[in-house]
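These notes are about the structure you will find just below.
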Amino acid sequence: MAKPSLSVEIAGIKMKNPVAAASGTFGFGLEYAPFVDLNRLGAVFVKGITRYPQPGNPPPRLVETPAGVLNAIGLQNPGVEKFVQEILPALRPYDLPVIVNIAGTTVDDYAFVAASLDGLPGVAGLEINISCPNVRHGGMAFGVDPASAALVVGAVREVTGLPLIVKLTPNVTDIVAVAGAVMEAGADALSMINTLLGMSIDVRRRRPALANITGGLSGPAIRPVAVRAVWEVYRALKVPIVGMGGIATAQDALEFIMAGATAVAVGTANLFNPRATVEVIEGLERFLVEEGIGDIRELIGVAHGERGAR
Amino acid sequence: MQQHETPVLQNKKVGLDVYRMELFAPDVAAQARPGQFLHVSVHTKGRGSDCYDPLLRRPLSVHGVDVKRGAVALLYRVVGRGTALLARVKEGELLDVLGPLGRGFSLPPAGSRVVLVAGGMGVAPLYFLAEELLRFGHEVHFLAGARRLEELYLLGDLLALEEKRPSFKPSFATDDGSYGFCGPVTGLLEVLLAAVKVDRAYACGPRQMLREAAGVLARFGVPGEVSLEERMGCGVGACLSCACRVREAGGFSYRRVCADGPVFAAESVDWEDR
Ligand SMILES: Cc1cc2nc3c(=O)[nH]c(=O)nc-3n(C[C@H](O)[C@H](O)[C@H](O)COP(=O)(O)OP(=O)(O)OC[C@H]3O[C@@H](n4cnc5c(N)ncnc54)[C@H](O)[C@@H]3O)c2cc1C
Ligand SMILES: Cc1cc2nc3c(=O)[nH]c(=O)nc-3n(C[C@H](O)[C@H](O)[C@H](O)COP(=O)(O)O)c2cc1C
Ligand code: FES
């Protein structure tokens, strides 16, 4: 049998396989170059970028939880200007779609960052982060309300022709409502999920474990919540989705693809296994060979098919 | 900086809750500098390498290297679930480690007189540093402090080194006076600095001790370096979890303990960051 095809296209971005690195867990990609051949990845979502440099939250910013972590980084980043001048050029030599995660406290901020990145060589697309739980203003506040979410996406759509992937928060009652609103406002695809709002207390110190008090939960612990979110949105809207939340193996990635994701992103798994992305890619290829499937796209959303099909 | 699957050569209890582990990792042994660390998976290959609880790797300082045997030593105290799992690892099992990671201590100009200040497990990286400094011919004053005698982890090794190397001068402090100077190791540092002129200082230990040491060094005008600890995710500079705040021209900024540190100039650390 010929080598199975792993390539997919999402929001017009061509990926040589459906596996990306998730924003914030892979730095700007370069940090992982000693561990994985970046050219093998389907895409990289770089750390959230804002209009102005952000110092981030005070420490401690991370606490381990059962099969997961709570983080409250607070979108620490050098700002869009420095990103464009110093980081983007270093990424250009790689054969790797770079999708820039953008965040802000006002609608104007999002539009400013998007406009600054429009038309730059080396930027394959934007991921609009309206789902960060760790900043006091903006972030998730936009993502929990369909109307505000649409406002941000509409404003960004006006200033850029880049592919737009909107990143949704699971911290809502009806994720389909937000998904529908942002697609209507001009999104090309969705990514889900961002972290779940959580908290942990250090009983020796009798204080919240994170300086920020609350943080975002990620890792294998949240995978079922994420698969459910992808399933619901795909079922209702049949839109292109980048699925993420606790993916550490090819099996995990397949759950998302079968629930309806066109591509997937590996996040927290990079922290404990720097080779996680490449291992997921290799595992997907093995699965296709074993199951006699020629093209990974045949599996997108198959779990929605008739019951007992296999 | 790389990922290695390393056979465990030895994992031996050497004191109260303290273990010395030796890994066969020739590349790491050849590259590691004092102050650098390894990010160690606590699940051995086969027995639990797909285990998600505990999820993260554990940062442990390089305690020593034997380049000829390709061996790297770690010295760790069991304080929670991760280190308890490590303590159970048997000779011959495989452990996945990243490293050597981080920026280690900078070495002084030839012929320096230096002081090393270790609190508790802070002896782990400072012992490696002492060996390196002695190799380059520096005069090394080593101050080791602990709550009580039983927690002066490398007492025997430090005394043995003193026998062998005339330019190595260890002293000890315990909070309860069960051995050496009665009081904090920073008290011992003050006594030393009042008596002899020291060119440079290096410190590792609990945060409060480092803070006091930095204060003493500033008062005596001795430049120093401290090795900080912070909760880590990736260990390689990507996730920004391990922030510590440092002073710089015009204010403060957060630095990554894993990649910009763990060693920082003592006077640059903002101890009020939490
Ligand atoms: C650069 C560096 C070098 C270190 N070198 C040594 C060494 O040589 N010997 C030694 O005994 N210890 C060392 N430590 C501390 C060691 O990493 C912790 O004791 C260990 O992670 C505790 O894990 P646990 O699962 O047993 O404890 P738990 O408390 O159950 O751990 C829970 C979580 O908190 C983290 N954590 C707990 N305590 C610390 C700490 N002090 N610093 C950073 N993270 C912590 C753990 O990594 C884990 O993610 C070092 C820490 C750093 C940052
Ligand atoms: C340390 C850390 C930092 C993150 N930073 C960002 C970020 O800057 N922007 C963003 O949209 N998501 C960020 N995320 C969320 C991840 O991209 C991902 O959506 C989430 O963690 C779920 O996937 P996972 O379980 O595979 O990690 C971050 C997650 C972690 C753990
Ligand atoms: S632990 Fe990830 S940046 Fe330091």
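Predicted model, so just to flag it, every value in this text is computed and none were measured. Each chain gets a letter, A, B and so on, in the order its sequence line appears, and its residues count up from 1.
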Taking atom [atom1] as the centre, does [X] end up with more than 12 heavy-atom neighbours from other residues, nucleotides or ligands that are less than 6.0 angstrom away?
| X | atom1 | value |
| --- | --- | --- |
| Arg206(A) | CZ | no |
| Glu248(B) | CD | yes |
| Arg211(B) | CZ | yes |
| Glu267(B) | CD | yes |
| Arg148(B) | CZ | yes |
| Arg147(B) | CZ | no |
| Gln10(B) | CD | yes |

Check the pair Cys239(B) / Thr25(A) against side-chain contact (heavy atoms from CB on, under 4.5 Å), numbers first and verdict last.
CA-CA 5 Å; Cys239(B) 71; Thr25(A) 61; 5.8 Å; no
Considering all heavy atoms of both residues, which atom of [X] and which atom of [Y] are nearest to each other, and what is their separation?
| X | Y | answer |
| --- | --- | --- |
| Arg57(B) | Pro274(A) | NH2-CD, 3.8 Å |
| Leu55(B) | Phe272(A) | O-CB, 3.2 Å |
| Ala67(A) | Asp53(B) | N-OD1, 3.5 Å |
| Pro34(A) | Gln2(B) | O-CG, 4.2 Å |
| Tyr254(B) | Gly56(A) | CE1-O, 3.5 Å |

So how far is it from Asn57(A) CG to Ser241(B) OG, rounded to the nearest 0.5 Å?
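If I round to the nearest 0.5 Å, the distance is 11.5 Å.
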As an exercise, state the distance from SG of Cys234(B) to CG of Asn273(A), rounded to the nearest 0.5 Å.
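Separation between the atoms: 13.0 Å.
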Would you check if the side chain of Arg61(A) reaches a backbone N or O of Leu240(B) as a donor-acceptor pair within less than 3.5 Å?
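Looks like yes, one N/O pair under 3.5 Å.
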Is it the case that the side chain of Glu64(A) and the backbone of Leu56(B) share a donor-acceptor pair, with hydrogens and angles ignored and the cut-off at 3.5 Å?
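Yes.
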Going by heavy atoms in the side chains, are Phe252(B) and Pro55(A) under 4.5 Å from each other?
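The answer is no; the side chains never approach within 4.5 Å.
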Could you look at [X] and say if it's the side chain, the backbone, both or neither that has a heavy atom under 4.5 Å from chain B?
| X | result |
| --- | --- |
| Pro220(A) | side chain |
| Thr268(A) | side chain |
| Phe28(A) | neither |

Run Leu271(A) and Met232(B) through side-chain contact (heavy atoms from CB on, under 4.5 Å) and show every step you take.
CA-CA 9 Å; Leu271(A) 308 191; Met232(B) 289 187 183; over 6 Å; no
Segment of Arg58(B) engaging chain A (4.5 angstrom heavy-atom cut-off)
side chain
Output the option from Ala211(A), Ala221(A), Pro58(A) having the highest count of non-hydrogen pairs under 4.5 Å with chain B.
Pro58(A)
